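Below is one structure, written out as C-alpha cells; the observations come after it.
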Amino acid sequence: MSHNEQHKEILLELRNVTKHFPGITACDAISLEIEQGEIYAILGENGAGKSTLASMIFGLYQPDEGQIFMRGKKVHIDSPNKAVALDIGMVHQHFKLISNYTVAQNIILGDEPKKRALGVFPYVDIKSAEDRIEQLSKDYGLEVDPRATISKIGVSTQQRVEILKMLYRDAELLIFDEPTAMLTPQEIESLLTVIDNLRSQGKTVIFITHKLDEVMQVCDRCAILAGGKLVDVSHIKDTSPAKMAAKMVGRDIEFSAKRPSKQIEETVLSVQNLRVEDSTGFPRVDDVSFEVRAGEIFAVAGVSGSGQVELADTIAGLVRPKRGKVMLKEQDLAKLNVRKHTESGIAYIPEDRQSVGLILDFALDQNLALRSYYQTPYCKTSLLNQKAFSDHADKLIADFDIRCARGAKTPVRGMSGGNQQKAIVGREIEQDADLLIFVQPTRGLDIGAIMSIRKRILDERDKGKAILLISLELDEVMDLADTIGVMYAGKMLEVAPATDLSMTKVGEYMMGVTAND
C-alpha cells in the first residue's frame, strides 16, 4: 500500500476506554490509535467487546472510564447525532431503513435539502438530493437507484444505501459492524471492493468482524479483542489467519472440522412436493422434494429470503404447508402441531435465537428444560421440581461450555449471543432426536463458538443422526455438508453430493444461475 505517507495523522484515538455492564466488563481499558486513510479491523469472538467498542465510538454508549480523541481533540460523543457531527458514520448489522420509503428519502432523512417555493413556502428538494446520491454512488462504485423503494431491493443494495447515508453526511470515519453476515460470496466480494474504494478516496474504515479471510483481503491493521481486553494489534502483512485465530481464542485452532461420513443408511426425513405460502398466497417454498438419511448432513444453501427458513419452520411444525408431505420415517407430520413434531423425533435450532429459541426473561435452567418441563423428572403430580431443573442445567453448562455469570439461575437475556446459542444447541441435542434441524447455527458467533458448534454437528452426524443444516455462510455449508441442496426463489435448483460441487458453482446457483443459462 502506497498510502503510508498520509498515515501520519491519527484520526481517532481511544485511551483506556472501559465499559461495564451488570456482572461484566465489556471493554477493559482499551487504547487504540486509528490513522487517517486506513482500514482497521477489530476482530474477536462473540462477547469479546467489539460491538460495544463500536457503539461507544458512535455515541450509542458512553465509556465509564477513559477518553476519546478525534484529530487530537478530546471529544464527548454522547449521541449518534454528535458522532455524525464529528464526521463518524456507522452501518449496523441490522439495517435501520424505512421500508416503504425510497432510497433517496431514507438517505436524506433528518438532513433534508430545503428550498422555498415563491421564496416563501419551504419544501424538500428531493430532485437535488437524488442527483447528489447518484453522483456519490458513481464516485464510490455503489450501484443504487435513488428512486427505488427499500422493500423492493435486496439485502446487499440496502447495505449500499446505508453506506450512501454516511457518505451523504460527509462521514470521514466509517464503522462497519459485521457487514458481510447477510451476504452471498459474490456480494461480499463487491462490498470489499467498495470498502477498498472508500480507502482510496481518503476515508478511514473500522471493520468489525470475526471472519479472518476478509481481514486478510482488505485491512491494513488489525486489533484483536478477547474477553473485553485488547490482546494484539498487528499489521496484516505481518500476520496470518492461524496466528490471528490463536490470539482471538487464546489457543491454536483446528481449521478444517470435516471428517468423512460413515456409510449412509435409512431415510429419516422425506419432503415431498412441499408448497408453503405466505399470507398473500405467494409461494415461499415451491414444490420442493428431497430426503435426508441417517448419518448425513444435508445442507441447504441460498441467499437470505430464498425460502430456506420457511422450509425449516414447516418441517419443525411452526408453519403448516399448503400441500405436500413431511415424512419422518413412516409418519406424515405435515398436519401435526409443534409438540407432536418434537415428540416424533425432531430437534430444532431456529434462526432467531432470541425471539424463537429462548425466553429471555427466564433463567437458564428454565430455558434448558423448555422441551421437556412437562415430563418427569421436572414435573411430578403437576408440581415443578426445581432441583431437577438446576441439576439438568448444571450438566448442560458443563457439557456445552456455556459461560454464564450465575450458573443455572443466570437470566438468559444477560448472556452473550454465543452462549445463548450454545444453550439452545445443548438443549436440542440432548433430545436425542432422529432429525436435527440447524438454521444459521453459528450466525454472529466468534471463531471459538463456531468451531465448538460445528464439531457438535459433526459428532451428531457420526452418531447416525440425520441433520438438516440451513446456513447463509457458504464456507460452513462446504465444510460440513455431505449433500448440498441450493434454494433460489422458493425452488430447490440443485441437489448433489458436496464432493461434486465447488464453492463457485454453489454461489452461482444461489444467484439463480442454472446449468443451462
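Since we're looking at a predicted model, the values are computed, not measured.
- Ion pairing between Lys325 and Asp332 fails under the 4.0 Å rule for side-chain N and carboxylate O.
- Using a distance-only test at 3.5 Å, with no hydrogens or angles considered, no donor-acceptor pair links the side chain of Glu430 to the main chain of Leu396.
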Quick one, Ser270 with Gln272, criterion side chain to side chain donor-acceptor pair (under 3.5 Å). Give me CA distance, side-chain angles, the key distance, then yes/no. CA-CA 6 Å; Ser270 166; Gln272 299 163 17; 2.9 Å; yes

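- By the 6.0 Å contact criterion, OH on Tyr61 is open, its count of non-hydrogen atoms from other residues, nucleotides or ligands being 12 or less.
- A 4.5 Å side-chain heavy-atom check between Met327 and Leu269 finds every atom pair outside the cut-off.
- Nearest heavy-atom pair across Asp394 and Ala408 is OD1-CB, 3.9 Å.
- A distance of 11.0 Å separates CG in Leu368 from NZ in Lys395, rounded to the nearest 0.5 Å.
- Listed here is the closest heavy atom pair of Val271 and Val288: CG1-O, 3.5 Å.
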Going through the distances and angles, do Leu469 and Leu480 end up as a side chain to side chain contact (heavy atoms under 4.5 Å, CB included)? CA-CA 9 Å; Leu469 169 68; Leu480 296 177; 3.9 Å; yes

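- Atom CZ of Arg221 sits about 9.5 Å away from atom OG of Ser234, to the nearest 0.5 Å.
- Looking only at side-chain heavy atoms (C-beta outward), Tyr348 and Ile315 stay at 4.5 Å or farther from each other.
- Environment of CZ in Phe290: crowded, with over 12 heavy atoms of neighbouring residues, nucleotides or ligands closer than 6.0 Å.
- The closest side-chain heavy-atom distance from Leu436 to Ile457 is not below 4.5 Å.
- When all heavy atoms of Leu230 and Ile30 are compared, the closest pair comes out as N-CG1, 4.2 Å.
- Remark: side-chain polar atoms of Lys82 are paired, donor with acceptor, to backbone N or O of His76 under 3.5 angstrom.
- Residues Asn81 and Ser79 have side chains that never bring a donor and an acceptor to within less than 3.5 angstrom of each other.
- For the residue pair Ser471 / Glu476, a side-chain donor-acceptor distance below 3.5 Å is found, with atom types taken as modelled.
- Side-chain N or O atoms of Lys465 include one that pairs as donor or acceptor with a backbone N or O of Ala433 at under 3.5 Å.
- Thr18 places a side-chain N or O within donor-acceptor distance of the main-chain N or O of Ala29, the cut-off being under 3.5 Å.
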Just do the side chain to side chain contact (heavy atoms under 4.5 Å, CB included) check on Ile175 and Ile57 with the steps written out, would you? CA-CA 9 Å; Ile175 306 170; Ile57 300 169; 3.8 Å; yes

Show, in sequence, the C-alpha distance, side-chain angles and deciding distance for Val495 and Met492, and conclude whether the side chain to side chain contact (heavy atoms under 4.5 Å, CB included) test is met. CA-CA 7 Å; Val495 173; Met492 191 72 83; 3.7 Å; yes

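- The closest side-chain donor-acceptor pair between Thr442 and Gln440, if any, does not fall under 3.5 angstrom.
- Considering only heavy atoms from C-beta on, Met415 comes within 4.5 Å of Ile402 through its side chain.
- Side-chain contact check for Ile424 versus Pro350: some heavy-atom pair is nearer than 4.5 Å.
- A salt bridge does not link Arg160 with Glu162: none of the charged nitrogens is closer than 4.0 Å to a carboxylate oxygen.
- A salt bridge links Arg275 with Glu277: at least one charged nitrogen is closer than 4.0 Å to a carboxylate oxygen.
- Among all heavy-atom pairs drawn from Pro441 and Ile470, the shortest one is CD-O, 3.9 Å.
- For the atom pair CZ of Phe389 and CG of Asn367, the computed distance is 10.5 Å after rounding to the nearest 0.5 Å.
- Considering only heavy atoms from C-beta on, Arg456 comes within 4.5 Å of Phe400 through its side chain.
- Note: Leu472 CG to Gln308 CD = 6.0 Å, rounded to the nearest 0.5 Å.
- Here the shortest heavy-atom pairing between Gln420 and Val412 reads NE2-O, 3.1 Å.
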Can you check salt bridge (charged side-chain N to carboxylate O under 4.0 Å, His left out) on Lys19 and Asp28, steps first, answer last? CA-CA 7 Å; Lys19 183 71 184 166; Asp28 189 351; over 6 Å; no

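- With salt bridges taken as basic N to acidic carboxylate O contacts below 4.0 Å, none links Lys243 and Asp232.
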Output, in order, the C-alpha distance, side-chain angles, deciding distance and verdict of side chain to side chain contact (heavy atoms under 4.5 Å, CB included) for Lys50 and Glu178. CA-CA 10 Å; Lys50 308 186 296 291; Glu178 302 276 358; 3.6 Å; yes

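- Judged by distance alone, the side chain of Glu296 and the main-chain N or O of Arg293 form a donor-acceptor pair under 3.5 Å.
- Judged by distance alone, with hydrogens and angles left aside, the side-chain atoms of Asp64 form a donor-acceptor pair with the main-chain N or O of His20 at under 3.5 Å.
- Smallest separation of non-hydrogen atoms from Leu501 and Val506: CB-CG2, 3.9 Å.
- Between Asp475 and Val477, every side-chain heavy-atom pair lies at or beyond the 4.5 Å cut-off.
- Rounding to the nearest 0.5 Å places OG of Ser344 at 6.5 Å from CG of Leu328.
- Within the 3.5 Å criterion, the main-chain N or O of Ile77 finds a donor-acceptor partner in the side chain of Gln62.
- Of the charged side-chain nitrogens involved, at least one lies within less than 4.0 Å of a carboxylate oxygen, so that Lys455 and Asp459 count as a salt-bridged pair.
- No donor-acceptor distance shorter than 3.5 angstrom exists from the side chain of Thr157 to the backbone of Ile153, with no hydrogens or angles considered.
- Between the side chain of Lys422 and the main chain of Asp401, a donor-acceptor pair closer than 3.5 Å is present.
- The shortest distance between side-chain heavy atoms of Ile346 and Leu333 falls below 4.5 Å.
- Within the 3.5 Å criterion, the main-chain N or O of Ile236 finds no donor-acceptor partner in the side chain of Thr239.
- If you take CD1 on Ile188 and OG1 on Thr180, they are separated by 4.5 Å, rounding to the nearest 0.5 Å.
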